[in-house]
Each structure stands twice: as structure tokens, then as C-alpha cells.
Amino acid sequence: MKKRYLVTAALPYANGPLHIGHLAGAYLPADIYVRYLRLMGKDVVFVCGSDEHGAAITVKARKENTTPRAIVDRYHEILKSTFEKIGINFDIYHRTSEPIHHETSQNFFRKLYDSQEFIEETTEQYYDESVGQFLADRYITGICPVCANPDAYGDQCEKCGSTLNPTDLKEPKSMLSGSVPVKRPTTHWFLRLDQHEAWLREWINTGKLNGIQLHDPAKWKNHVVGQCNSWLDQGLQPRAMTRDLDWGVDVPSEIPGSEGKKLYVWLDAPIGYISATRQWAIDQGKDWEPYWKDEDTALIHFIGKDNIVFHCLIFPAILKAHGGYVLPVNVPANQFLNLEGRKLSTSKNWAVWVHEYCEEFQGQEDVLRYNMIRKMPEQSDSEFTWKGFQETNNNELVNNLANFVNRVMVLTHKYYEGKVPEFNAAQTFKSGWTNEKPVIQADELKSMKEKLEEMSAKIESFNLREALMHVMEISSAGNALLQFNEPWKTIKTDPEQVKAVMNMALQVVATLSIALYPFLPFSSGRLRKMLLLPAIEDQGELDHLLKSLSANEPILAAGHEIGEASHLFSRIPDEVIDQQIAKLQATDVANKQDSGDKQINYQPMKETIQFDDFMKMDIRTGTILEAEKVEKSKKLLKLKVDLGFEQRTILSGIAEFFQPEEVIGKEVVVLANLAPRVMMGTESQGMILMAEDPDGKLCFVSPDKGWPGGMGVR
RNA sequence: GGCGCGAUAGCUCAGCUGGUUAGAGCGUGCGAUUCAUAAUCGCAAGGUCGGGAGUUCAAGUCUCCCUCGCGCUACCA
């Protein structure tokens with residue numbers, strides 16, 4: 001194990017609140033891991049913060065008629081308090097709008113610039129002449145080429161989720177002025193990722209850099225290594241590290257041509273981890289540099305799978321290009337969490353918002369945490385359902401864990417006036433782990449220690465759901481201990497044995513109060529209080545516990561007095577679950593209505609044309625004679641169309657909606673004098689006219705059956 | 001179409017470098033029990049390991065082909 005740890009959790013974007021997908025994907029696993037490290041007495045710093053730059057925030061500000069500053073201030077506060085409420089314990093929750101971050105990231109840029117890691121390249125970008133500035137992808141709207149949504153952004157259509165380039169949009173419009181943007185050349189600095197490809201490939205696949213073993217690739221998740229290799233095999237391209245933006249970190253002003261240029265978010269955001277660490281060091285009077293630069297530091301990034309290539313390829317390339325920084329020793333990216341069978345969607349409000357949960361389920365933070373861990377998408381996508389939430393709470397937290405604790409507490413008060421009983425160390429009883437031969441307490445403590453070690457191993461390999469199962473097995477063994485020995489019976493016949501059994505049961509409860517801490521910190525705290533034990537203070541308590549167990553030392557001394565029994569968890573009734581399901585269904589209905597009536601998103605009318613303009617088009621009737629799929633294409637069908645006087649080859653992007661055999665014989669309308677165009681190696685001589693609905697579905701526009709081909713349409 | 005990841009009991013998932021009758025939790029059935037939030041404990045049923053072919057003495061585990069899901073990526077005149 002390394003001497004010190006720096007753990008990061010992906011910086012959430014400050015334009016919306018936190019939902020359960022974020023939680024299960026990155027923040028909860030990071031928090032559990034960090035809490036565990038601290039329980040083992042490790043030196044660890046856990047950083048995160050709001051990612052507050054970029055065009056999406058300016059766009060949102062414009063829409064709400066406010067400033068970017070106001071937007072990020074608002075969401076920074078929401079995010080920060082949500083993390084606190086759900087028990088995600090960062091050492092610092094920073095923000096990228098802080099001056100120290102601007103300074104840090106500018107210095108990074110400067111260093112890369114000076115060491116000639118960049119090439120300057122000029123490309124064509126959309127420019128709004130009326131306001132005199134380049135338009136970020138997000139500042140351009142237009143008609144989505146995929147689903148015909150008229151409000152698609154230049155980088156993405158929020159309706160159908162397609163990733164776009166601004167040049168893909170039909171009828172692009174500037175969001176600043178509403179005018180039609182023009183293409184204009186602009187110069188940016190590109191990181192030579194192509195030059196980093198070779199060492200990245202080796203580092204990812206062998207863990208070695210310059211012959212030095214930095215990590216064990218076998219410990220990285222399959223999908224992480226796979227995704228990286230997929231990129232590496234396609235060849236890395238130089239990547240722009242700057243943008244034409246007005247909300248972000250300025251390119252250092254002494255660099256020629258820096259005016260109006262801002263750092264690209266993927267340079268900006270990960271460096272936010274470093275800025276946050278620096279600020280933490282200032283606040284704590286510590287030195288930040290060992291945490292980023294000492295070889296004996298383990299850097300670990302917790303992220304969702306959408307961030308893999310940035311954290312495994314691009315950021316490491318930046319760190320190495322800069323020099324002097326350690327590379328991540330692991331990037332345990334999680335996959336995605338679905339909600340009731342569907343993808344989480346911020347824009348469609350298909351989500352469970354963590355701040356709302358904390359309001360509606362006060363005091364039940366751990367119930368959500370527990371369910372998130374049980375359903376954590378560690379290896380593949382997984383699913384959250386409210387029914388499942390209820391089941392894990394009632395069956396596992398209440399029936400197994402809380403009930404066990406309660407049994408022990410009640411019996412201890414009943415038999416021993418709330419004091420941990422003295423017992424004879426040689427007294428035998430039945431084990432809670434194996435119902436075979438009788439054991440003494442030393443044997444039981446050893447079994448428990450082994451289980452804790454299994455839990456530790458699972459946490460260290462990022463198998464958190466299994467780790468949690470091991471903790472629950474300790475509780476099950478506690479229940480079994482009581483069940484096999486039946487103290488409520490033996491109290492009359494063999495009170496000496498009951499003392500040994502109950503003492504053991506109390507040791508199990510005390511052990512749980514520590515083992516639960518990484519996963520369910522609130523419950524751990526409540527349990528410690530119930531036992532009248534000091535709260536966990538991140539001081540290596542688990543390490544001490546393991547040592548005590550090895551040395552056969554009990555955790556709770558005989559004679560120690562415990563507090564009042566109370567229920568650690570309560571059953572969640574059907575009504576509460578039904579209410580939450582109804583709430584989701586309501587947003588679903590609202591969404592349908594949105595797209596159903598008023599917001600059907602009819603495409604806006606195009607500008608008026610003259611009769612002559614229309615007459616320029618030669619539209620003809622025709623019949624599809626042949627149809628086949630175009631090799632290597634998902635969307636294109638190659639059609640042979642009979643226009644009566646001749647036959648044409650026409651490529652049409654309808655393969656996702658029609659099988660070749662079902663369009664043969666179809667009578668269609670063709671734009672016949674459209675200039676030919678080569679696609680996927682075949683020339684298309686015209687265009688089949690189709691009607692398209694808001695979801696991008698297509699249908700043929702056809703003449704009446706049997707109408708002859710080649711007739712003009714007007 | 002290409003690439004990556006996945007497909008194992010009703011549900012959610014473990015199964016590392018191939019090796020005896022394929023595992024866990026939940027759910028289900030039966031039994032035991034009453035200290036406990038009708039909780040607990042035990043036992044049992046339940047799987048042609050997505051489909052097909054191959055390599056091997058031996059394949060859930062390796063190879064190839066196919067199907068489906070998720071993601072990235074090229075093509076929509």
C-alpha cells in the first residue's frame with residue numbers, strides 16, 4: 001500500500017442538482033473508499049468541487065435572464081449542501097470559479113505552452129457578425145438532423161440525445177442575436193495527443209512507464225481498459241485545449257493571440273482537483289505538493305463511465321506533458337444507473353433528486369446509501385426501483401441489521417441491567433458462523449476478524465457491493481448466534497453460558513458500529529451512541545479493531561454500560577413507495593403532454609419563396625425497383641428507382657425504419673434534379689421525399705396506387 | 001458497419017490465469033423458534049451458464065460465427 005492517498009470525485013457541473021445516478025456512479029463509491037482508508041489509519045485527502053465554466057452555464061443564464069455567476073452560485077450551494085446531507089465527506093468542496101483555480105490552470109497552460117506541447121491550428125467556426133464573436137457549440141441552435149427537434153444545440157440535441165457538431169445543424173441560428181452565423185477561421189492550441197499515444201498504450205496495458213511499474217492493470221476494471229484501448233486503436237488526434245468562450249479561465253494574456261480565448265473545460269476541470277488540493281492545504285496549513293508529486297502517493301479518480309477517456313488518457317497526458325505529477329493508480333469508473341427501466345434524464349426530469357430525497361426522507365439518508373450500494377453499477381448498468389428500495393430496507397436493514405441490534409440491546413437490559421456481562425473465557429457456546437462444534441469467544445472473534453478482512457479486500461478492489469454483503473453477513477451471524485444458543489431459554493438452565501453468549505453478541509454489535517461506518521455513517525453514529533461509545537473520528541478505528549480481534553481482546557469491556565435501545569431502521573410502508581412512484585409517473589405524464597399538445601415542436605416555417613424558386617425543383621413520381629443495404633452503413637439504403645423515362649440509383653437514409661424488402665414496389669416522389677452526391681462510395685442521383693415526425697420517424701410520400709412513373713409533381 | 005463492455009437460478013448479481021455434483025443475497029415452499037420492528041434460524045425446490053460451431057483428457061471460463069442490451073464512432077441530400 002502507498003503512503004498517502006489523493007482521492008478525487010468527478011466535479012459535478014454547476015447547472016443542475018444532484019441525482020441518484022451521480023451518487024451511485026462516483027460520489028458514494030469515493031466516499032466509502034475514503035472512509036475505509038481513514039478507518040485503516042491512512043493519510044488521505046478527498047477533493048471535489050463544482051465545475052462552473054462553459055457555455056451551457058452562459059446559455060442557462062441567458063435563458064433565465066440572469067448572470068452566469070448567479071447560476072453557479074445557486075447550484076454550487078445546492079450541490080455542496082446536498083453532499084453534506086447525504087454524508088459525502090469531502091475534505092474540501094471547491095469551485096472552479098475561485099481565483100486560485102484560474103491561477104493554477106493558467107500556470108499549467110503556460111508550462112505546456114512553453115514546453116511546446118501545443119500546436120496552433122486554424123479551423124472554421126461559426127461566428128456571429130452582429131455581435132462580433134465566435135459562437136460556442138452551445139450558442140448555436142438549429143434543427144436536429146436526427147430527430148428534427150428545432151431547438152437542438154450545436155453540441156447535442158437534448159431531445160434525442162444525439163451528439164452533434166455545429167455544422168450538422170440544419171438552419172443554424174445564433175443564440176446571441178438570432179441571426180444566421182457565418183463560418184470564420186479561428187486559431188486554437190491543440191495538445192499533441194498523437195505524440196502521447198505510445199506511452200499511454202503501454203501505461204494503460206502494462207502499468208509501466210519508462211520501465212517503472214506504476215500500477216497493476218489487472219486491478220483496473222475491464223470496461224475502463226477496453227474503452228481506452230478502443231480510443232488508442234483508433235489513433236489519438238490532437239485535441240483543442242482552448243475555446244472561443246466568454247465564461248471560463250482566460251488563456252494567459254502574454255501568449256500571442258490569447259484574446260477572447262478560454263481554456264477548454266477538459267483542461268480546466270481536472271486541474272480543479274489540483275486547485276482544490278492547494279486550497280485545502282492553505283486552509284489546513286499543510287503542503288499540497290506531496291499529494292500530487294510524491295511517488296508514494298496513490299491518485300485515484302472516481303468517475304462515471306462517460307468520463308473514462310478524459311481521466312485515463314487526456315488528463316494523464318496533460319499531467320505527463322507538464323511533468324512532475326503522479327499518474328492515477330486506478331480509475332474505478334462505474335457504469336450507469338437506470339431508474340425504473342429507463343435512463344436517468346435531467347432534462348426530462350426522470351430522476352430521483354438527492355436534495356428532494358433528503359427532504360422527504362429525513363433521517364433515512366443511509367437507506368438511500370444502502371440501496372445505492374446494493375445496486376451500484378460496478379461492472380454493468382444497473383437499476384434503481386422504488387419497490388427494490390423498499391425491499392432492501394425492510395428485508396435487510398430492518399429485519400436483519402436493526403432487529404439484531406435491538407434483540408441484543410433488549411436482552412442486555414433485561415438480563416444485565418444494561419451492562420456488558422462478565423463471563424468465563426473458557427465457557428463454550430454454539431457459533432453463529434457454523435452450527436457444528438461448540439466454540440469459545442476467542443474462536444468467534446477470529447471468525448469475525450476474517451470476515452472483516454474479506455470486507456477490506458473487497459473495498460480495496462472496489463467491489464463495494466460485495467464488501468457490504470460481508471458486513472451484513474456479520475449481522476446475520478449475530479442473529480444466528482442468538483438463534484442457536486437461545487439465551488431466552490438457557491437463562492433458566494445455564495446462566496453462565498448466557499453471559500458468554502450475550503457478551504459475544506455485544507462484541508458483534510460493537511464491531512458492526514465500526515464496519516458499517518464507510519457505508520452507513522449515520523447509522524454507525526447512532527449505533528455508537530446507543531452503545532455509549534465515542535463517535536468514529538477517522539483515526540484508524542478499523543485497524544485497531546482488527547488488532548484487538550487478533551489479540552483476542554474484546555471491544556466492549558465487561559461492565560461497560562450501554563444506552564437505551566432504539567430502532568436503527570424502520571419499515572417503509574407501501575404508501576410511501578406508492579407516493580414516490582406516483583411522483584415519477586406524474587413527470588412522465590407531464591412529459592407526454594409536453595410533446596403531445598402544445599410543445600409538439602412543429603418546425604418553424606421557412607422564409608417565403610417565390611413561385612420561380614419552387615419551379616426550379618423537378619419533382620417526379622417513381623417506383624422503387626430494387627433496394628439493398630449499403631455496406632458498413634447503419635442508415636443508408638441503396639435504391640433503384642424507376643422514373644419511367646430512366647432508372648436512377650438513389651441513396652436514402654431510411655435503413656433504420658425500413659427493411660429493403662418492404663420498400664420494393666413502393667411508389668414514391670423523387671427530387672430528380674438534385675445535384676448528385678457520393679456517399680459511402682456510391683453516387684446518389686436524387687432524393688426520395690419523406691415526411692418526418694418530431695421523433696425523427698419517417699414515412700413515404702406516395703402518389704395513388706398505379707400512378708405512372710416520371711410524372712411531374714407541382 | 002467498426003470498436004469496447006455486457007448476456008449465469010423468478011429478481012439483483014459473484015464466478016481469478018480452463019479441472020471434482022455452477023455460487024450468494026432477495027423472493028418462493030416446508031419445518032423450528034418467540035428475546036426482537038409478524039422479525040429470526042434451518043432445510044428444500046429452482047440454472048441445456050444468450051444461440052451455434054471449434055480447440056482440449058476437461059469450457060460458464062479459450063477461439064470463431066450469430067442474436068440482444070449499453071456506450072463510443074462513420075454514413076442521413
Side-chain angles (χ1 to χ4, degrees), chain A residues 145-146 163 168 170 218 221-234 305-306 308-309 335-336 338 343 374-383 385 387-388 391-392 394-415 432 435 458 461 463 465-466 468-470 472-473 475-489 491 498 502 505 565-571 629-637 650-657 671 674-682 684-690 692 696 698:
Chain A
V146 179
T163 310
D168 294 339
K170 296 174 192 163
K221 297 190 185 191
N222 285 346
H223 67 270
V224 172
V225 175
Q227 170 105 231
C228 291
N229 280 325
S230 173
W231 272 62
L232 289 165
D233 291 346
Q234 283 170 36
K305 69 172 161 184
D306 50 336
I308 288 172
V309 291
Q335 309 244 16
F336 289 151
N338 292 320
K343 272 181 223 182
R374 287 292 322 259
K375 295 292 159 64
M376 203 168 259
E378 292 180 326
Q379 308 298 339
S380 56
D381 290 359
S382 65
E383 169 140 341
T385 62
K387 205 78 201 137
E391 279 168 13
T392 50
N394 292 356
N395 297 332
E396 299 175 33
L397 290 177
V398 177
N399 293 355
N400 181 346
L401 178 60
N403 184 46
F404 167 63
V405 171
N406 191 238
R407 299 170 84 178
V408 177
M409 299 293 290
V410 168
L411 287 173
T412 304
H413 280 289
K414 205 171 200 169
Y415 300 153
N435 192 10
K458 291 299 178 187
S461 57
N463 292 313
R465 34 201 303 176
E466 282 191 63
L468 180 62
M469 293 306 279
H470 288 315
M472 295 307 284
E473 283 169 17
S475 176
S476 288
N479 272 317
L481 176 77
L482 297 180
Q483 205 60 38
F484 296 152
N485 290 288
E486 302 184 298
W488 47 90
K489 275 187 186 167
I491 189 73
V498 175
M502 287 309 298
S566 66
H567 290 168
L568 209 47
F569 294 98
S570 308
R571 308 186 74 76
K629 284 201 156 174
V630 176
E631 283 276 303
K632 295 185 181 178
S633 165
K634 186 154 85 183
K635 299 183 179 174
L636 290 177
L637 285 188
I650 297 178
L651 296 182
S652 187
I654 59 175
E656 286 180 295
F657 303 99
L671 180 57
L674 185 67
R677 161 80 180 243
V678 176
M679 286 181 290
M680 304 296 287
T682 306
S684 179
Q685 304 157 328
M687 174 173 166
I688 308 282
L689 301 189
M690 309 288 294
E692 188 175 23
L698 300 171

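A note on names: the letters A, B, ... follow the listed sequences, proteins ahead of strands, and every chain is numbered from 1.
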Considering every strand and a 4.0 Å limit on heavy-atom distances, what is the contact class for A:K221: base, sugar-phosphate, or nothing? nothing

Q) Is the backbone N or O of A:G388 less than 3.5 Å from a side-chain atom of A:T392, with the two atoms forming a donor-acceptor pair by type? A) yes

Hydrogens and angles aside, do A:R407 and A:Q483 bring a side-chain donor and acceptor to less than 3.5 Å of each other? yes

Inset, instruction - Just call it for A:Q335: base, sugar-phosphate, or nothing, with non-hydrogen atoms closer than 4.0 Å on any strand. - result: sugar-phosphate

Under the rule of Watson-Crick or G-U wobble with both distances under 3.5 Å, where | means paired to another strand and [ ] a crossing pair, RNA chain B maps to (((((((..((((.....[...)))).(((((.......))))).....(((((..]....))))))))))))....

Taking the side chain as every heavy atom from C-beta outward, state whether A:L689 and A:L671 have any atom pair closer than 4.5 Å.
-> yes

Is the shortest side-chain heavy-atom distance between A:E396 and A:E391 below 4.5 Å? no

From NE2 of A:H223 across to C1' of B:rC3 the rounded distance in Å is 16 Å

To the nearest angstrom, the NZ-P distance between A:K305 and B:rU73 comes to 14 Å

Atom CE of A:M469 and atom P of B:rU12 are separated, to the nearest Å, by 15 Å

In whole angstrom, give me the gap between the P atoms of B:rA22 and B:rG27. 25 Å

When rounded to whole Å, the CE to P distance for the pair A:M376 and B:rC13 reads 13 Å

Against the side chain of A:E396, the closest entry in B:rC41, B:rU37, B:rG25 is B:rG25

Next item on the list: Could you check whether A:S476 gets within reach of a base, just the sugar-phosphate, or nothing at all, counting any heavy atom under 4.0 Å?
Entry: sugar-phosphate

| query | How about A:N338 and A:D381: does a side-chain donor come under 3.5 Å of a side-chain acceptor? | reply | no

Per atom distances to the A:S380 side chain, the nearest of B:rU37, B:rC26, B:rG6 is B:rG6

Regarding A:N403, tell me which of base, sugar-phosphate or nothing describes its non-hydrogen contacts under 4.0 Å with the strands shown. base

A:K458 atom NZ is separated from B:rG25 atom P, nearest whole Å, by 15 Å

Per atom distances to the A:R407 side chain, the nearest of B:rC13, B:rC41, B:rU40 is B:rU40

When rounded to whole Å, the CG to C1' distance for the pair A:N479 and B:rG25 reads 15 Å

message = Tell me whether A:N399 contacts the main-chain N or O of A:N394 through its side chain, where contact means a donor paired with an acceptor under 3.5 Å.
response = yes

In whole angstroms, the gap separating P of B:rA36 from CG of A:L481 amounts to 17 Å

Per atom distances to the A:Q379 side chain, the nearest of B:rU37, B:rC13, B:rA14 is B:rA14

### Task
Mind checking A:A402 for me? I need base, sugar-phosphate or nothing, with any heavy atom below 4.0 Å counting as a touch.
base

5'-most contact on RNA chain B (nearest-nucleotide basis), A:I688 vs A:V410, goes to A:V410

* Asked: Are A:M502 and A:V408 close enough that some pair of their side-chain heavy atoms sits under 4.5 Å apart?
  -> yes

Once you apply a heavy-atom cut-off of 4.0 Å, does A:F404 come out as touching a base, just sugar-phosphate, or nothing? nothing

Students often get this wrong, so: under 4.0 angstrom with heavy atoms, is A:E383 touching a base, only sugar-phosphate, or nothing?
nothing

| task | Check every strand shown and say whether A:G686 touches a base, only sugar-phosphate, or nothing at a heavy-atom separation below 4.0 Å. | result | sugar-phosphate

**Item:** Pairwise C1' distance for B:rG4 and B:rG15, with rounding to whole Å
**Value:** 22 Å

For this session: Look at all strands and tell whether A:L671 reaches a base, only sugar-phosphate, or nothing, counting heavy atoms closer than 4.0 Å.
Result: nothing

Looking only at B:rC76, B:rG27, B:rC35, the nucleotide nearest the A:N395 side chain is B:rG27

| message | Please classify the nucleic acid contact of A:L568 as base, sugar-phosphate, or nothing, using heavy-atom distances under 4.0 Å. | response | base

Paired with A:H223, the side-chain hydrogen bond (donor to acceptor under 3.5 Å, both in side chains) test is passed by just one of A:Q335, A:K305, A:E378, namely A:Q335

Per atom distances to the A:R465 side chain, the nearest of B:rU12, B:rC70, B:rU37 is B:rU12

Among B:rC72, B:rC35, B:rC5, the one nearest any side-chain atom of A:L411 is B:rC35

Self-check item: Nearest-Å distance once atom P is located in both B:rU63 and B:rC5
Solution: 11 Å

### Query
Going through the checks in order, is the side-chain contact (heavy atoms from CB on, under 4.5 Å) test met by A:M469 and A:R374?
CA-CA 8 Å; A:M469 293 306 279; A:R374 287 292 322 259; 3.8 Å; yes

In whole angstroms, the gap separating P of B:rC26 from NZ of A:K387 amounts to 17 Å

task = Provide the distance between the two C1' atoms, one in B:rA9 and one in B:rG47, to the nearest whole Å.
result = 5 Å

Which of B:rC41, B:rC26, B:rC35 is nearest the side chain of A:E391? It is B:rC26

Could you work out the separation of B:rU28 and B:rU67 based on their C1' atoms and round it to a whole Å? 32 Å

Work out how far the P atom of B:rU33 is from that of B:rC41, and round it to whole angstrom. 16 Å

Among B:rG27, B:rA32, B:rU37, the one nearest any side-chain atom of A:Q483 is B:rA32

Per nearest nucleotide of RNA chain B, the residue lying toward the 5' end, A:N399 or A:Q685, is A:N399

Taking the same atom, P, in B:rG46 and in B:rC13, what whole-Å distance lies between them?
24 Å

Would you measure the distance from the P atom in B:rC75 across to the matching atom in B:rA14 and give it in whole Å? 36 Å

- State, with a plain yes or no, whether a side-chain heavy atom of A:W231 is found less than 4.5 Å away from one of A:I308. no

